[in-house]
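What's counted below: heavy atoms across the whole structure, side chains too, no hydrogens, waters or symmetry copies. Since we're looking at a predicted model, the values are computed, not measured.
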Amino acid sequence: MNDNEDEVTVTITLSRKAYEKAERQAKDPRGPMGEMAGFVSATEYIERIVEVALED
């Protein structure tokens with residue numbers, strides 16, 4: 001657990017195929033990133049998707 005009691009660390013393991021799909025989706029202006037497509041890396045895209053999925 002982190003020093004901040006309100007945070008936890010999550011480790012996610014993805015297949016190469018899933019990571020490559022995230023790369024494509026991060027660049028697709030018709031995809032979930034919309035106008036931000038191409039401005040984020042696949043890793044940032046995955047982090048954002050996980051954040052949204054875990055929101056209260």
Legend entry - Point-to-point distance, once rounded to the nearest 0.5 Å, from CD1 of I46 to CD1 of I12: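 Between I46 CD1 and I12 CD1, I get 8.0 Å after rounding to 0.5 Å.
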Legend entry - Atom pair OH/NZ of Y45 and K21 - distance to nearest 0.5 Å: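 Those atoms lie 8.0 Å apart.
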Legend entry - Option from E35, M36, R30 for which side-chain contact (heavy atoms from CB on, under 4.5 Å) with M33 holds: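 The passing option is M36.
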Legend entry - Joint cluster assignment, V10 & V52, ILVMFWY side-chain distance < 4.5 Å: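 Looking at the clustering, V52 is in a separate group from V10.
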Inset, instruction - Salt-bridge test for E20 and K17: reply yes if a basic N is under 4.0 Å from a carboxylate O, no otherwise. - result: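 No salt bridge links E20 with K17.
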Could you report the tightest heavy-atom contact between [X] and [Y], atom names first, then the distance?
{"X": "A22", "Y": "A42", "value": "C-CB, 4.2 Å"}
{"X": "E44", "Y": "F39", "value": "OE1-O, 4.3 Å"}
{"X": "A26", "Y": "S41", "value": "CB-O, 4.2 Å"}

